[in-house]
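Throughout, numbering of the chain's residues begins at 1 and tracks the sequence.
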Amino acid sequence: MKSISLNIGAVKAYEPKVKAAQEALENGTCEGNDFLGWLHLPSSITPEFLDEIQSVANTLREKCCLAPKRQEEPYYPLRR
């Protein structure tokens, strides 16, 4: 079995580039900055939006002849 080694100095050499990339992402100044909606998506989802998704899913289940007919309680893993 091969062993894996890690050169900490080589990893540390990337630190300034990584920090600059993170800052550019957070500030929206990086290339492709019009595609950064995923950065704030988890914090922008509201319980009302999840309820709407659940309602649409239930409607689709009712109207689709292949789907089982069942009504489940909504599952909100991020809701506290």
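When side chains are defined from C-beta on, Q54 counts as touching N58, because their heavy atoms get closer than 4.5 Å.
Separation of atoms CD (E48) and CD1 (I53) is listed at 12.0 Å; rounding is to 0.5 Å.
Residues that satisfy the salt bridge (Lys or Arg N to Asp or Glu O under 4.0 Å) test with K17, not counting sequence neighbours, are absent from this structure. K12 pairs by the side chain to side chain donor-acceptor pair (under 3.5 Å) definition with nothing, not counting sequence neighbours. Residues that satisfy the side-chain contact (heavy atoms from CB on, under 4.5 Å) test with I4, not counting sequence neighbours, are absent from this structure. Listed by chain and number, the residues in a side chain to side chain donor-acceptor pair (under 3.5 Å) with E26 are Q22 (sequence neighbours excluded).
Taking a 4.5 Å side-chain heavy-atom cut-off between Ile, Leu, Val, Met, Phe, Trp and Tyr, the cluster of Y14 extends to V18.
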Name every donor-acceptor pair, under 3.5 Å, that has one atom in a side chain of residues 29-40 and the other anywhere in the protein, sequence neighbours excluded.
from, atom 1, to, atom 2, distance (Å)
N33, ND2, G28, O, 2.8
W38, NE1, F35, O, 3.1

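Contact check on E23 versus K19 returns no salt bridge, with no Lys/Arg side-chain nitrogen under 4.0 Å from an Asp/Glu carboxylate oxygen.
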